[in-house]
Amino acid sequence: MKLPRGRKAIAAASGVALAVFLAWRLVRPMNIFVVSPAFERPVATERLPAALASPGATQCALCHRDFYDEWSTSMHGRAWIDPYFQADWAFDGKQQICKNCHIPLDVQQEHRVLGFADREKWKPILADNPRFDARIQHEGVTCAACHLREGKILGPFGAQTPAHPVAKLANTNEICMRCHVVGGDRWDTFFRFPPCGTVAEIRSTAAGPAAVQATATLPDCVSCHMPLAERALVAGGAVKPVRRHLWRGGHDPEMVRKGLTVSLRETPASPAGRRSVVVTLTNAGAAHYLPTGTPDRHLTVTLRVLDRGGNVLREDTHVLRRTVLWRPFIVDLRDTRLAAGQPRSFRIELAPDRDVRAAFVEASVRYHLVDAARLRRIGYDDAEPVSHEVWRERLALSRPVTGS
């Protein structure tokens, strides 16, 4: 049956329109989250307590040296100068919105945001910032980014100190939300979790630790990433339990190990003489998925069959990662990461006719901060490692495979 000429023209026009639309979706700027009112502008620093000459970290260090020294070792302190971030940010067109997490104070940004040229607030109208301070810019997520709001210093203890009054935070976790809850619903986005969706992951995971489940409104970020220490807030002050300012995460192998338990065991032989060795990973310590954060982060689990000399006879590698389709629409395709409390097992089979020289099975787990393909795409080539081994164990087989 032939379509009338008018309908043919409509169908052809619709096909062309669809092709143009999809082509545009393949090349358009990648706006992957909704800019919320709390996130659209940097933190204002025009108003400061009278005792503070600057919103910079060196000013805070005059009284809070221990906190400054810890912050100086953190990724928060390197949020702007980190070479990978700078390469990745440049590759994606140096979006202004990225600054509101990596250099969140108004004095850290070369431009002021006067308004927006689009409804989604990805195209800010900018003007030169006369208060820009390049030295404070290099401090990244500095002290005032968390502790200064509307001219007031915020903290876990309300106090009227000689230096400045401190307004008490109802829940210290609320500070984490500004950057780590970035998200929102879009008509063209089908994320389970937004790219910095750690908070959404915690709220969606029924098997999370009891302490997290009990926090109905805000996940408990600080208990893991800011452990308690007995010390004074200022030199000569009263000693009390206060949080360390370290924020260790995926960049720290020891922190990853705290969230992950791994076991390696040999299974009994089958009637056919076949055996296997199983490695089991469990997210036993993180309330969010492991790994979390940018979807580039992933784990690799490698099982190797070794001879008596430790030579590798063969190996299998498994990847635990989140796979996202970014264009023409954003869709979560697959997620094999470890949810809170979730175990995952991988096995390697041993057979008499194939593994006659097998004497050991070795397993290792490696944490990757970024995908190798992403590094090549953005042209990043730096000496700093972007992955680290977090676990390795070698298991001697109970008896030669040939004797099974």
Side-chain angles (χ1 to χ4, degrees), residues 33 35-49 51-82 85-86 89 95-113 124 129 131-157 163-183 196 198-199 218-219 221-222 225-226 233 242-249 251 293:
F33 58 85
V35 179
S36 68
F39 188 68
E40 65 189 39
R41 297 173 191 266
V43 175
T45 62
E46 292 93 340
R47 295 163 53 196
L48 291 174
L52 299 185
S54 162
T58 53
Q59 174 77 36
C60 303
L62 297 176
C63 295
H64 304 286
R65 187 72 201 190
D66 287 348
F67 299 88
Y68 174 87
D69 289 343
E70 290 173 354
W71 163 85
S72 298
T73 69
S74 72
M75 286 306 298
H76 280 180
R78 296 180 55 198
W80 180 249
I81 61 174
D82 176 59
F85 164 71
Q86 285 291 332
W89 182 56
Q95 295 268 28
Q96 170 72 20
I97 195 67
C98 301
K99 294 181 177 181
N100 290 349
C101 265
H102 287 262
I103 43 172
L105 303 184
D106 54 6
V107 295
Q108 295 180 302
Q109 301 186 12
E110 296 97 324
H111 300 97
R112 294 180 297 129
V113 177
N129 182 5
R131 299 180 60 245
F132 169 64
D133 189 321
R135 179 185 57 82
I136 299 178
Q137 182 185 67
H138 280 67
E139 293 179 356
V141 182
T142 191
C143 311
C146 297
H147 290 284
L148 177 68
R149 291 295 184 277
E150 299 177 352
K152 299 177 182 178
I153 300 298
L154 310 180
F157 311 105
H164 55 73
V166 179
K168 185 176 181 179
L169 285 163
N171 188 322
T172 52
N173 291 284
E174 66 188 71
I175 291 176
C176 310
M177 300 297 169
R178 186 171 186 273
C179 290
H180 295 282
V181 79
V182 167
C196 298
T198 305
V199 172
L218 294 177
C221 310
V222 301
H225 296 281
M226 299 182 70
L233 285 168
V242 294
R243 297 288 175 184
R244 301 192 71 190
H245 286 50
L246 297 169
W247 305 288
R248 298 295 188 250
H251 289 80

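Not counting sequence neighbours, the partners of S74 by the side-chain contact (heavy atoms from CB on, under 4.5 Å) test are W71, H76, W247, R248.
Looking only at side-chain heavy atoms (C-beta outward), Q108 and T142 come within less than 4.5 Å of each other. Using a 4.5 Å cut-off on side-chain heavy atoms (C-beta onward), T172 and R243 make no contact. Side-chain contact between Q86 and W80 is present, with at least one heavy-atom pair separated by less than 4.5 Å. Residues L105 and P42 fail the side-chain proximity criterion, which asks for heavy atoms closer than 4.5 Å. Contact check for M75 versus D82: side-chain heavy atoms found under the 4.5 Å cut-off. Side-chain contact between S54 and R135 is present, with at least one heavy-atom pair separated by less than 4.5 Å.
Counting non-hydrogen atoms of neighbouring residues, nucleotides and ligands closer than 6.0 angstrom, the NE2 atom of H138 reaches no more than 12 such neighbours.
Rounding to the nearest 0.5 Å gives a distance of 9.5 Å between NE2 of H111 and CZ of F132. For the atom pair I103 CD1 and Q137 CD, the distance stands at 4.5 Å (nearest 0.5 Å). Atom NZ in K152 sits 14.5 Å away from atom CG in L48 (nearest 0.5 Å). Atom OG1 of T73 is separated from atom OH of Y68 by 11.5 Å, given to the nearest 0.5 angstrom. Taken from OG1 in T58 to CD1 in I136, the straight-line distance is 7.0 Å, to the nearest 0.5 Å. Atom CD in E70 sits 13.0 Å away from atom NE2 in H64 (nearest 0.5 Å).
Comment: D106 engages R131 in a salt bridge, judged by a side-chain N to carboxylate O separation of less than 4.0 angstrom. Taking the charged nitrogens against the carboxylate oxygens, K99 and E110 do have a contact shorter than 4.0 Å, which makes a salt bridge.
The shortest heavy-atom contact between C221 and C176 is CB-SG, 3.8 Å. Contact detail for T198 and G293: the closest heavy-atom pair is OG1-N, 4.2 Å. Closest of all the heavy-atom pairs between A145 and P104 is CB-CG, 3.5 Å. Closest approach of P219 to M177, counting heavy atoms only: CD-CE, 3.4 Å. Considering all non-hydrogen atoms of both residues, H147 and G155 come closest at ND1-CA, 4.4 Å.
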From CA spacing to verdict: side chain to side chain contact (heavy atoms under 4.5 Å, CB included), F67, C143
CA-CA 9 Å; F67 299 88; C143 311; over 6 Å; no
List the steps and the verdict of side chain to side chain contact (heavy atoms under 4.5 Å, CB included) for L148 and I153.
CA-CA 5 Å; L148 177 68; I153 300 298; 4.2 Å; yes
For C63 and H164: C-alpha separation, side-chain torsions, deciding distance, then whether side chain to side chain contact (heavy atoms under 4.5 Å, CB included) applies.
CA-CA 11 Å; C63 295; H164 55 73; over 6 Å; no
Evaluation steps, side chain to side chain contact (heavy atoms under 4.5 Å, CB included), between M226 and R244:
CA-CA 5 Å; M226 299 182 70; R244 301 192 71 190; 5.8 Å; no
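Between L233 and the choices D66, V166, V242, the side-chain contact (heavy atoms from CB on, under 4.5 Å) rule is met once, by V242.
When atom types are taken as modelled, the side chain of R47 and the backbone of E150 share a donor-acceptor pair closer than 3.5 angstrom.
Ring geometry for F85 against H102 counts as parallel: the plane angle stays under 30°, on a 0 to 90° scale with 60° as the upper cut.
With 3.5 Å as the limit, one finds a donor-acceptor pair spanning the side chains of N100 and Q109.
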